[in-house]
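Convention: sequence-line order gives letters A, B, ...; per-chain numbering from 1. Here the structure is a predicted model, which is why all the values come from computation and not from measurement.
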Amino acid sequence: MHGNPKKILAQTLSEESFLTPDQLARLIVAEDSTLQLIDLRTAEDFKRQSIPGAINIPYSNFIEADLESYLDETLRSVFYAEDDFKSNYALVLATGFGFENCAVLKGGLKSWNDTLNTEFSGDLITARENALFETRYKARRMFTEFNNMPESLKLKFYASREIERKKLDGGCE
Amino acid sequence: MKKLIHSTVFGAMAIIIALMIIKSVRPGNFRNNTSKWAVQSYENSNLISVDMIDTLKGNTLIVDMNSQKAAFNKNLNVLQVSSDLLLSNENYKKIKSNKGSVILSGDPAETAQIWMVLSQMGIEDLYILADHN
């Protein structure tokens with residue numbers, strides 16, 4: 001790692017470095033192509049369940065991995081794990097290695113699942129709650145459908161995203 | 001003339017090498033070998049529970065970043081500080097000079113980040129209090 005520790009910590013602790021599950025759900029539903037999700041759990045956990053569009057770099061491989069071949073600096077890299085620890089370690093490491101456009105999913109996959117399954121109580125629902133409910137519902141549906149897909153279809157999904165990304169970059173002529 | 005050029009080049013190299021040595025030993029900079037200083041985070045052996053605090057040897061220092069001022073055993077050495085002031089010279093010196101373990105207490109995301117930064121700066125026997133709210 002290189003750089004000024006104070007500066008790195010100020011950057012990684014800033015609000016911009018954290019995405020709540022609701023913020024991420026909005027981006028997932030909108031199929032935001034400026035986002036790059038990195039799942040830091042083991043390959044087995046990733047295969048069982050992951051957020052649509054995420055790539056898997058198990059944390060134990062993260063430090064030794066050639067991050068330049070995984071992290072596209074033109075995209076915002078969002079790290080997540082089961083909870084907050086490993087994703088925040090990775091955020092500091094990536095920032096220390098010079099990748100500035102990084103963030104973490106606050107609370108990890110646990111918080112993601114809890115938030116998406118939150119029920120609203122009461123007879124009346126505000127406009128804001130309604131918007132949240134809709135986004136969470138769509139994100140939950142995408143998440144469930146994606147994780148119920150057979151492996152072959154998931155691979156096609158990733159391949160199609162790669163082609164789309166290359167088209168945006170002017171590749172695949 | 002040749003002697004002058006050689007002396008100049010030699011002098012410049014000596015200055016550069018001296019600066020590199022100073023940079024590597026000056027407190028407040030990252031150590032080399034990132035993975036060595038991150039190894040505890042792989043297996044979660046840097047996470048500690050309240051019950052395990054008494055098993056630690058030496059002077060245990062708790063760095064409490066919990067703004068609600070968590071209540072700890074009165075016999076423990078507690079440094080109450082916010083995360084943005086943790087790396088001030090004064091606080092860093094207290095952590096660096098502690099003869100024993102240092103435990104970070106606070107929000108999991110904050111403590112994880114601070115643990116990684118302090119570890120990479122060469123602080124050993126550094127733990128995160130994983131079950132304290």
Side-chain angles (χ1 to χ4, degrees), chain A residues 1-21 23-24 40-42 57-67 78-99 102-112, chain B residues 20 23-24 26-48 63 65 67 81-93 95-96 104 106-123 126-131 133:
Chain A
M1 276 176 65
H2 52 82
N4 184 316
K6 278 187 198 171
K7 213 174 158 188
I8 286 174
L9 201 57
Q11 187 178 332
T12 54
L13 286 175
S14 68
E15 240 180 70
E16 291 77 35
S17 294
F18 296 99
L19 281 181
T20 63
Q23 287 170 323
L24 182 60
L40 296 164
R41 298 171 304 146
T42 62
I57 310 177
Y59 180 71
S60 52
N61 300 342
F62 187 78
I63 291 172
E64 310 297 347
D66 175 19
L67 292 182
V78 179
F79 301 107
Y80 74 86
E82 195 57 43
D83 50 32
D84 273 324
F85 293 112
K86 290 184 166 63
S87 55
N88 279 278
Y89 299 144
L91 175 66
V92 168
L93 290 169
T95 307
F97 289 141
F99 295 93
C102 296
V104 296
L105 171 60
K106 188 97 168 91
L109 205 58
K110 187 184 179 306
S111 182
W112 167 265
Chain B
M20 282 171 67
K23 193 178 179 212
S24 68
R26 194 177 68 194
N29 279 312
F30 293 124
R31 296 288 177 262
N32 294 325
N33 196 345
T34 306
S35 55
K36 174 193 166 190
W37 296 101
V39 74
Q40 276 190 294
S41 66
Y42 298 161
E43 299 296 332
N44 292 332
S45 57
N46 61 332
L47 302 182
I48 197 170
V63 179
M65 291 167 288
S67 58
V81 66
S82 60
S83 51
D84 52 339
L85 295 175
L86 187 77
L87 292 183
S88 68
N89 286 339
E90 186 193 338
N91 290 323
Y92 179 74
K93 271 186 190 154
I95 292 168
K96 181 97 180 146
L104 304 172
D107 171 76
E110 277 188 1
T111 52
Q113 289 189 19
I114 288 165
W115 183 92
M116 184 55 76
V117 169
L118 288 176
S119 280
Q120 294 297 320
M121 290 167 77
I123 304 285
L126 182 64
Y127 300 93
I128 295 173
L129 194 61
D131 62 4
N133 292 320

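Proximity to chain B (any heavy atom under 4.5 Å) is restricted, for A/Phe97, to the side chain, taken from C-beta onward. Both the backbone and the side chain of B/Ile114 come within less than 4.5 Å of a heavy atom in chain A. With a threshold of 4.5 angstrom between heavy atoms, B/Leu86 does not approach chain A through any atom at all.
Comparing A/Val92, A/Thr95, A/Val104 by heavy-atom pairs within less than 4.5 Å of chain B, the highest count is held by A/Val92.
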Determine, stepwise, if the pair A/Leu91 / B/Met116 fulfils side-chain contact (heavy atoms from CB on, under 4.5 Å).
CA-CA 10 Å; A/Leu91 175 66; B/Met116 184 55 76; over 6 Å; no

Does A/Asn88 form a side-chain contact (heavy atoms from CB on, under 4.5 Å) with B/Glu110? I'd like the steps, not just the answer.
CA-CA 8 Å; A/Asn88 279 278; B/Glu110 277 188 1; over 6 Å; no

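From A/Tyr89, atom OH reaches atom OH of B/Tyr42 across 12.0 Å, with rounding to the nearest 0.5 Å. In this structure, B/Asn89 CG and A/Lys6 NZ are separated by 5.0 Å, a value rounded to the nearest 0.5 Å.
Contact record, B/Ser83 with A/Leu9: O-CD2, 4.4 Å, taken as the closest heavy-atom pair.
Here the side chains of B/Ser41 and A/Phe85 are not in contact, with every heavy-atom distance at 4.5 Å or above. Using a 4.5 Å heavy-atom cutoff, the side chains of A/Lys86 and B/Asn44 are in contact.
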